[in-house]
Engineer: 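Got a structure here, written out as structure tokens. Questions coming.
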Amino acid sequence: MTEVLKTLILGSGPAGYTAAIYAARANLEPVVLAGNQPGGQLTITSDVENYPGFPEGVMGPEMMEMFRKQAERFGTKVFFEMAEKVDFSQRPFKVWSNADKVYEAETIIIATGASALYLGLENEQKLQGRGVSACATCDGFFFRGKKVYVVGGGDSACEEATFLTKFASEVHLLVRRDVMRASKIMQERALNHEKVTVHWNTAVVDVLDVEAGKVTALRLQDTQTGEERVEEADGLFLAIGHKPNTDLFQGQLPMDDVGYLITHAGKTATDIPGVFVCGDAQDSYYRQAITAAGTGCMAAIEAERWLEAQHG
């Protein structure tokens, strides 16, 4: 493309589409490269019940379709392409996509999100949204009175296990080793809770659905003896971390040890003027659709004001 865009948005989850809605309404004529998972993590979430404005809840893919249509209504162009290479060393910024296109833009809004880390089991992906989840805050409510398992040994795992006690009748925390990485205070909360049982030296080797179409049991393995056993289960929550989808920006933008992009305090601006980051690509703490949408709004407003300052 020879045309220099005012705003190019990389990613199409709640952050990317909200940025597009605000940018389009500010006449920035945004273009969205939807990425390899258009709609982001919400497209693998069945019911979303904690997003305001949907009192009966909404299916994740349906909600993202609404976001996209709203963005397009104001003139956003959405291309189902993925950015493969970027050059932020000079303006206009350049982005190469997997459709053999080169985009040039005055501002870039990065909304590439993050992906939950999974164990790599075949049934794990098949049963996502049907008993397998990577977000207790999103899905815990659906396990009221159920028996659930949480995998992980860090702060996130202890936090998820403790949170799930509000709903589940039993919470079993599976730790691969005989120690946890979690901070002392987080460990104590989990270990001292009457509903939480910790299983040390235990790994999940299979998620079973017994033709029920949902999680019914787990095959567990003792990591020291190799002995396996099957335990009935209604849900499996993975809390072994998230990986931000930011490999593309290595060497171009500052990021932390995990790969989350670093923005200025209270802003979405990066160290490169004109490049902004929103959503889970820079948020390792909240990781919610509504907070991602909020930062998408911020990024668009910041981009608009930055462009105004450039053009006087």
Side-chain angles (χ1 to χ4, degrees), residues 41 44 114-140 143 146-210 215-247 255-260 280 283-287:
Q41 292 183 78
I44 54 170
S115 302
L117 296 175
Y118 286 87
L119 298 169
L121 306 173
E122 187 183 343
N123 263 1
E124 186 182 43
Q125 298 297 324
K126 193 173 88 174
L127 295 171
Q128 215 166 37
R130 287 180 287 176
V132 174
S133 171
C135 181
T137 313
C138 316
D139 300 326
F143 293 86
K146 305 286 189 182
K147 179 182 182 181
V148 300
Y149 285 75
V150 178
V151 179
D155 278 359
S156 293
C158 290
E159 197 173 339
E160 301 263 283
T162 307
F163 178 82
L164 286 165
T165 60
K166 297 178 182 179
F167 310 101
S169 56
E170 296 177 43
V171 179
H172 296 265
L173 182 57
L174 306 175
V175 184
R176 283 190 65 89
R177 301 185 298 151
D178 57 0
V179 290
M180 288 192 210
R181 288 177 290 105
S183 60
K184 278 280 185 283
I185 189 163
M186 294 305 295
Q187 286 192 46
E188 284 168 9
R189 279 182 198 162
L191 292 167
N192 296 335
H193 200 289
E194 59 183 10
K195 281 190 182 180
V196 177
T197 304
V198 178
H199 303 264
W200 304 101
N201 302 307
T202 305
V204 180
V205 292
D206 201 4
V207 189
L208 308 175
D209 62 353
V210 196
V215 174
T216 56
L218 303 176
R219 187 181 301 281
L220 306 178
Q221 183 182 62
D222 186 307
T223 56
Q224 291 188 317
T225 67
E227 187 181 335
E228 294 187 1
R229 67 187 192 274
V230 173
E231 296 282 353
E232 286 186 2
D234 297 302
L236 173 67
F237 286 83
L238 298 150
I240 54 177
H242 282 73
K243 185 183 187 308
N245 304 320
T246 57
D247 289 352
M255 54 181 73
D256 67 13
D257 294 342
V258 181
Y260 286 97
D280 287 11
D283 171 23
S284 63
Y285 187 77
Y286 298 104
R287 297 200 307 263

Engineer: Could you pull out the closest heavy-atom pair between G259 and T246, with the gap in Å?
Structural biologist: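 Closest approach of G259 to T246, heavy atoms only: O-OG1, 2.5 Å.
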
Engineer: Can you name the residues that form a salt bridge (Lys or Arg N to Asp or Glu O under 4.0 Å) with K243, not counting sequence neighbours?
Structural biologist: D247

Engineer: Any chance you could lay out the side-chain contact (heavy atoms from CB on, under 4.5 Å) test for V132 and V207, step after step, and finish with the verdict?
Structural biologist: CA-CA 9 Å; V132 174; V207 189; 4.1 Å; yes

Engineer: Please work out whether the ring planes of F143 and F237 are parallel, tilted or perpendicular, with thresholds of 30° and 60°.
Structural biologist: perpendicular

Engineer: Quick one, M186 and E159 - any side-chain contact, counting heavy atoms below 4.5 Å?
Structural biologist: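 Answer yes - side chains close enough.
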
Engineer: Using the rule given for side-chain contact (heavy atoms from CB on, under 4.5 Å), can you reason through V204 versus L121, listing the C-alpha separation, both sets of side-chain angles and the distance that settles it, and then say yes or no?
Structural biologist: CA-CA 9 Å; V204 180; L121 306 173; 3.9 Å; yes

Engineer: Give a yes or no answer on whether the side chain of K146 reaches the backbone of G235 with a donor-acceptor pair at less than 3.5 Å.
Structural biologist: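 No; zero donor-acceptor contacts below 3.5 Å.
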
Engineer: Drop me the distance from L117's CG to H242's NE2, to the nearest 0.5 angstrom.
Structural biologist: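 Rounded to the nearest 0.5 Å, the CG-NE2 separation comes to 7.5 Å.
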
Engineer: At what distance, to the nearest 0.5 angstrom, does CZ of R181 lie from OG of S156?
Structural biologist: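 It is 8.5 Å, given to the nearest 0.5 Å.
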
Engineer: Which pair of heavy atoms, one from A190 and one from V196, lies closest together, and at what distance?
Structural biologist: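 Nearest pair, atom of A190 first, then V196: O-CB, 3.3 Å.
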
Engineer: Checking side-chain contact (heavy atoms from CB on, under 4.5 Å) for the pair M180/L173: CA distance, chi angles, key distance, verdict?
Structural biologist: CA-CA 11 Å; M180 288 192 210; L173 182 57; 3.8 Å; yes

Engineer: Checking T165 now: which residues fulfil side chain to side chain donor-acceptor pair (under 3.5 Å) with it, not counting sequence neighbours?
Structural biologist: H193

Engineer: Which pair of non-hydrogen atoms, one from S115 and one from N245, has the smallest distance, and what is that distance?
Structural biologist: OG-OD1, 3.0 Å

Engineer: Is it the case that atom NZ in K147 sees more than 12 heavy atoms from other parts of the structure closer than 6.0 Å?
Structural biologist: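 Check passes, neighbour count above 12.
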
Engineer: Measuring from E122:CD to L127:CG, what's the distance to the nearest 0.5 Å?
Structural biologist: 10.0 Å

Engineer: Who are the ring pair (Phe, Tyr, Trp, His ring centres under 6.0 Å) partners of F167, not counting sequence neighbours?
Structural biologist: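 For F167 the ring pair (Phe, Tyr, Trp, His ring centres under 6.0 Å) partners, ignoring immediate neighbours, are F163.
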
Engineer: Of all heavy-atom pairs between A182 and D155, which one has the smallest distance, and what is that distance?
Structural biologist: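 That would be CA-OD1, 3.2 Å.
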
Engineer: By side chain to side chain contact (heavy atoms under 4.5 Å, CB included), which residues pair with D206, not counting sequence neighbours?
Structural biologist: N123, L208, R219

Engineer: List the atom of E124, the atom of Y118, and the distance in Å for their closest heavy-atom pair.
Structural biologist: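 That closest heavy-atom pairing would be OE1-CB, 3.4 Å.
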
Engineer: If only atom types and distance count, is the side chain of T137 paired as donor or acceptor with the main-chain N or O of C135 below 3.5 Å?
Structural biologist: no

Engineer: So, taking the atom named CG in D234 and the one named OG1 in T216, what distance separates them when rounded to the nearest 0.5 Å?
Structural biologist: 9.0 Å

Engineer: Within this structure, what is the SG-CD distance for the pair C158 and E188, rounded to the nearest 0.5 Å?
Structural biologist: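 It comes to 10.5 Å.
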
Engineer: Do Y149 and L220 make a side-chain contact, defined as non-hydrogen atoms from C-beta onward lying under 4.5 Å apart?
Structural biologist: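 Yes, their side chains come closer than 4.5 Å.
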
Engineer: Taking side chain as C-beta onward, heavy atoms only, is V230 less than 4.5 Å from L218?
Structural biologist: no

Engineer: Would you say E232 has more than 12 foreign heavy atoms packed within less than 6.0 Å of its CD?
Structural biologist: no

Engineer: Do NZ/NE/NH1/NH2 and the carboxylate oxygens of D209 and K126 come within less than 4.0 Å?
Structural biologist: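 Salt bridge between D209 and K126, a charged N being under 4.0 Å from a carboxylate O: yes.
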
Engineer: Please examine the side chains of V150 and L164, heavy atoms only from C-beta on, and report whether any two atoms are closer than 4.5 Å.
Structural biologist: yes

Engineer: If you look only at distance, which donor and acceptor atoms sit under 3.5 Å apart when one is on a side chain in residues 222-229 and the other is two or more places apart or in another chain?
Structural biologist:
{"residue": "D222", "atom": "OD1", "partner": "Q224", "partner atom": "N", "Å": "2.7"}
{"residue": "D222", "atom": "OD1", "partner": "T225", "partner atom": "N", "Å": "3.0"}
{"residue": "T223", "atom": "OG1", "partner": "R176", "partner atom": "O", "Å": "3.0"}
{"residue": "T223", "atom": "OG1", "partner": "N201", "partner atom": "O", "Å": "3.2"}
{"residue": "T225", "atom": "OG1", "partner": "E227", "partner atom": "N", "Å": "3.2"}
{"residue": "R229", "atom": "NE", "partner": "E231", "partner atom": "OE2", "Å": "3.1"}

Engineer: Go through S133 and L238 one step at a time and tell me if the side-chain contact (heavy atoms from CB on, under 4.5 Å) criterion holds.
Structural biologist: CA-CA 6 Å; S133 171; L238 298 150; over 6 Å; no

Engineer: Could you tell me which residues satisfy salt bridge (Lys or Arg N to Asp or Glu O under 4.0 Å) with K166, sequence neighbours excluded, listed by chain and number?
Structural biologist: none

Engineer: Out of D280, D256, V258, which residue meets the side chain to side chain contact (heavy atoms under 4.5 Å, CB included) rule with P244?
Structural biologist: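 So the option named by the test is V258.
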
Engineer: Do the side chains of Y260 and D283 get nearer than 4.5 Å, heavy atoms only?
Structural biologist: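 Sidechains of Y260 and D283: no contact.
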
